[in-house]
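The structure is given below, and queries will be raised subsequently.
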Amino acid sequence: MTNLNHADLVIAGGGLSGSRVVIDILNRLLEANKEAEEKPVEIVVIDRFGEFGRGIPYGKQSPSGFLLIEPAAQSTPKEFRDWLSLNYAELINEGVHHDDPLLQAWVFRYREQLESGQVDELYVPRKLFGFYVERLLRQTVQLAEERNLAKVGFVTGEVTDVEPGDSGFTVRLADDSSFHGRTFVLATGCIPRSKSSGLSVDEGYIHDLYEDAYAGLEQAVAKRAKALGRKLDILIAGSNASAIEAIYFLANRQELLSAVRGINVVSSSGYLPGGVIEGEENAALTSGGQRPSAREYIDTAARFVGEGLVTATQAKIIHMDSGADGRLHIETDASEGKIELTADIVINCTGAGRVNRTDSPLIRNLRARDNHFKTNACLRGFQLRPNSYELEGVDNGFVIGPLLNQDALETHVESILAVYRVAEELGNVLYQRLSETALASKR
C-alpha cells in the first residue's frame with residue numbers, strides 16, 4: 001500500500017461510489033497520456049471495512065446468495081455483463097466464495113445462459129458484481145502507478161471528522177490518525193439509523209442486519225428458539241429491499257426457517273417490496289409504488305404468503321419494550337388506532353437514517369461544522385451548490401452516493417447505473433480541479 005499522509009485527493013468511503021470516482025480519474029489520466037516525469041496525482045481512499053470496490057451491498061456484509069434487485073441489463077453496464085459471461089467459470093472455480101451453496105446453485109441454474117452470453121434478464125448475485133469492481137479498481141490503479149501517473153493509498157479505518165482549512169481538508173479517523181487532502185469526497189454510503197429503542201440482540205432486537213453479515217440474526221434465532229423451547233414469531237419493521245432480503249435469507253437457511261412460526265412485516269405502507277405478482281390476490285404483495293425486487297425474492301415471499309408464514313401489517317411502530325415473558329412488546333399506530341403486537345425477534349429494516357437522527361460520529365461532527373456542512377431540507381445529506389456535487393459551504397469538498405438523495409438533484413444513487421453516471425460527472429470535475437492544482441504548483 002502506498003503511504004500518503006498528504007494527498008491531492010482524499011475519499012472517505014471505498015465502496016462502489018468512491019471506487020468508481022477513483023477509476024474514472026485514473027482512466028482520464030491514462031487517456032491524457034501525460035508525461036511520466038510529472039508529479040503523479042496522489043489519492044487516499046479510506047474505508048471502514050477495507051473492502052475497496054465493494055462496500056456493504058457487494059461485500060462480506062451481504063450473504064453470497066443475495067441478488068441485484070433488477071435484471072442485469074437494467075441495472076449493470078454492458079462491460080460487466082460481457083465480463084461475467086467470459087469469466088463466470090473462473091469466478092466460481094478459483095475462489096469467489098466457490099463453497100457458497102446459494103452461489104453455486106445460481107450458477108448451476110443459469111449455466112446455459114452464462115455460457116451463451118444471455119445474461120441480460122438474470123438477477124445476478126451481488127458478490128459477482130463486487131468482485132468485478134474490486135478487480136477493475138486494482139487493475140486500473142496498478143496501470144496508473146506503473147506509468148507514474150498516480151499514487152493511490154488504501155486505508156482501512158473509520159472516518160470520524162473532516163476539518164476544512166485554508167489549504168484543504170484534515171480527515172480524522174477513529175484511531176486518532178489523520179490525512180490531509182487538497183480535495184475531499186464524502187462517499188460514506190447510507191446514513192446509519194439511530195438506535196433509539198435501547199434494546200439489544202440478547203433481547204431479540206436486530207438493529208442492523210449488515211453490521212455483522214447476518215450472523216446476529218442467525219445467533220438470535222438459534223439462542224431464543226432454544227431458550228423458549230418453541231418456534232419463534234419474527235417481526236420485520238419496514239418493507240424496503242432489506243425486508244424481503246431478510247425473508248429470502250431465512251428461506252435459504254433451513255435450520256433457521258424450521259425455528260420460525262411466522263413472519264409479520266410491519267410498515268406504514270402495509271406492503272412487501274417487489275411489485276404485483278401476476279395472479280396473486282394477496283394485498284401484501286402489491287407494491288403500491290415500492291421498490292422492485294429480484295424474481296427469486298418475489299417468488300419466495302409469494303410462497304410464504306400462500307403458506308400463511310408471512311403476513312403484512314399496515315402500522316407505524318411507536319415504541320418497543322422487552323417484557324417479563326421474554327417477548328418483545330411493540331406499540332403501533334394504525335389507521336384503526338393503536339394496536340399492540342408481540343414478537344420473539346424484531347428485525348429493523350426501516351431504511352437509512354437522517355442527519356439529525358443518527359449515531360454516526362462523522363455525521364454528528366460534520367453537522368457541528370454547520371458553516372461548511374449545512375444540512376439540506378430533506379435531512380438526507382448536506383446542501384450542495386446548484387447543479388453540482390460540491391458542498392455549498394466549502395471549496396473542493398464534494399459528495400457522492402446516497403447522501404445525494406435529495407430533491408434538488410433528483411438522483412436515486414443506490415442504483416449501479418446512477419453511480420456510474422454520477423461518478424463519471426464528478427470524476428471529470430475532480431480531474432479538472434486536480435489538473436489546475438498541478439499547473440498552479442508549476443508556476
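In what follows, residues are counted from 1 in the order of the sequence shown.
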statement: Nearest heavy-atom approach of Asn240 to Thr350 is ND2-C, 3.7 Å

- prompt: Hey, does Tyr389 have a side-chain heavy atom less than 4.5 Å from the side chain of Val399?
  reply: no

query: Stepwise, does the side chain to side chain contact (heavy atoms under 4.5 Å, CB included) test hold for Leu136 with Arg20?
result: CA-CA 10 Å; Leu136 181 62; Arg20 283 302 315 177; 3.5 Å; yes

- prompt: Do you know which two heavy atoms are closest between Leu250 and Leu257, and how far apart they sit?
  reply: O-CB, 3.4 Å

task: List the steps and the verdict of salt bridge (charged side-chain N to carboxylate O under 4.0 Å, His left out) for Asp208 and Lys195.
output: CA-CA 9 Å; Asp208 189 342; Lys195 188 175 179 180; over 6 Å; no

query: Any donor-acceptor pair under 3.5 Å linking the side chain of Glu390 with the backbone of Phe398?
result: no

message: I'd like to know if the side chain of Ser178 and the backbone of Thr170 have a donor-acceptor N/O pair within less than 3.5 Å.
response: no

message: Under the criterion side chain to side chain contact (heavy atoms under 4.5 Å, CB included), I'd like the reasoning laid out for Arg54 against Phe49: C-alpha separation, chi angles, the key distance, then a yes or no.
response: CA-CA 10 Å; Arg54 292 179 177 268; Phe49 297 107; over 6 Å; no

query: Given side chains that start at C-beta, do those of Val119 and Val124 come closer than 4.5 Å, heavy atoms only?
result: no

query: How far does CG of Leu235 sit from CG of Asn264, to the nearest 0.5 angstrom?
result: 5.0 Å

field: Under 3.5 Å donor-acceptor, Asp82 side chain and Leu86 backbone
entry: no

message: Classify the ring geometry of Phe80 against Phe129: parallel below 30°, tilted from 30° to 60°, perpendicular beyond 60°.
response: perpendicular

- prompt: Between Tyr431 and Glu31, do the side chains contain an N or O donor and an N or O acceptor separated by less than 3.5 Å?
  reply: no

message: Within the supplied structure, the quantity of interest is the number of heavy atoms (other residues, nucleotides, ligands) at a distance under 6.0 Å from Arg357 CZ; does it exceed 12?
response: no

- prompt: Is the closest side-chain heavy-atom distance between Val162 and Leu362 below 4.5 Å?
  reply: yes

task: Quick one: do Glu163 and Arg369 satisfy side chain to side chain contact (heavy atoms under 4.5 Å, CB included)? Show the steps, please.
output: CA-CA 8 Å; Glu163 180 181 347; Arg369 303 182 186 280; 3.8 Å; yes

message: For Ile56, is there any backbone N or O sitting under 3.5 Å from a side-chain donor or acceptor partner on Ser62?
response: yes

- line: d(Phe382 CZ, Asn376 CG) to nearest 0.5 Å is 8.5 Å

- prompt: Is Phe373 close to Pro164 at the side-chain level, that is, under 4.5 Å between some pair of heavy atoms?
  reply: yes

message: Looking at Glu51 and Lys60, is there a salt bridge between them, counting it only when a charged N and a carboxylate O are closer than 4.0 Å?
response: no

query: Can you say whether the rings of Phe169 and Phe184 are parallel (under 30°), tilted (30 to 60°) or perpendicular (over 60°)?
result: tilted

Flag, side chain of Thr358 to backbone of Arg354, donor-acceptor distance under 3.5 Å: no

task: For a side-chain hydrogen bond (donor to acceptor under 3.5 Å, both in side chains) with Gln142, tell me which candidate from Glu146, Glu145, Gln139 qualifies.
output: Glu146

message: Given Asp395, which partner from the list Arg385, Arg433, Arg182 fulfils the salt bridge (Lys or Arg N to Asp or Glu O under 4.0 Å) test?
response: Arg385

message: Pairing donors with acceptors under 3.5 angstrom, does anything connect the side chains of Glu296 and Tyr123?
response: no

CA sep, side-chain torsions, deciding dist, call: Leu68, Gln74, side chain to side chain contact (heavy atoms under 4.5 Å, CB included): CA-CA 10 Å; Leu68 298 176; Gln74 297 178 31; over 6 Å; no

- request: Could you check whether the rings of Phe66 and Tyr248 sit parallel, tilted or perpendicular, using 30° and 60° as the cut-offs?
  value: tilted

message: Tell me whether His207 contacts the main-chain N or O of Arg193 through its side chain, where contact means a donor paired with an acceptor under 3.5 Å.
response: yes

query: At their closest point, which heavy atom of Gly427 faces which heavy atom of Ile25, and how far apart are they?
result: O-CG1, 3.9 Å

query: Between the side chain of Ser116 and the main-chain N/O of Gln113, is any donor-acceptor distance below 3.5 Å?
result: yes

message: Within this structure, what is the CD1-CD1 distance for the pair Ile236 and Ile206, rounded to the nearest 0.5 Å?
response: 11.5 Å

message: Do Leu384 and Leu404 have side chains that approach each other closer than 4.5 Å (heavy atoms only, starting at C-beta)?
response: yes

- prompt: Between Leu29 and Ala150, which heavy-atom pair has the shortest distance, and what is it?
  reply: CD1-CB, 4.3 Å

message: Assess, by modelled atom type and distance only, whether the side chains of Ser267 and Ser269 contain a donor and an acceptor separated by less than 3.5 Å.
response: yes

query: Mind checking whether Leu186 and Leu391 have side chains closer than 4.5 Å, heavy atoms only?
result: no

message: Is any side-chain heavy atom of Val159 closer than 4.5 Å to one of Val10?
response: no

query: According to the interplanar angle, ranging from 0 to 90°, do the rings of Tyr214 and Tyr210 count as parallel (below 30°), tilted (30 to 60°) or perpendicular (above 60°)?
result: perpendicular

field: Check: Tyr58 side chain, Tyr132 main-chain N or O, donor-acceptor pair, under 3.5 Å
entry: no

message: Please determine whether salt bridge (charged side-chain N to carboxylate O under 4.0 Å, His left out) holds for the pair Asp299 and Arg295, giving the CA-CA distance in whole Å, both sets of side-chain angles, and the decisive distance to 0.1 Å.
response: CA-CA 6 Å; Asp299 290 346; Arg295 178 176 54 243; 5.2 Å; no

Side-chain donor or acceptor of Ser268 paired with backbone N/O of Lys316 under 3.5 Å: no

field: More than 12 heavy atoms from other groups under 6.0 Å of CD on Glu79
entry: yes

message: So which atom in Gly14 and which in Asp47 form the shortest heavy-atom distance, rounded to 0.1 Å?
response: N-OD1, 2.9 Å

- line: The reported gap from CZ in Arg138 to OG1 in Thr140 (rounded to nearest 0.5 angstrom) is 10.5 Å

- request: Taking all heavy atoms of Asp8 and all of Pro40, pick out the closest pair and write down the distance.
  value: OD2-O, 4.0 Å

field: Check: Thr160 main-chain N/O paired with Asn365 side-chain donor or acceptor under 3.5 Å
entry: yes

query: Are the side chains of Thr76 and Leu84 in touch, meaning some heavy atoms are under 4.5 Å apart?
result: no

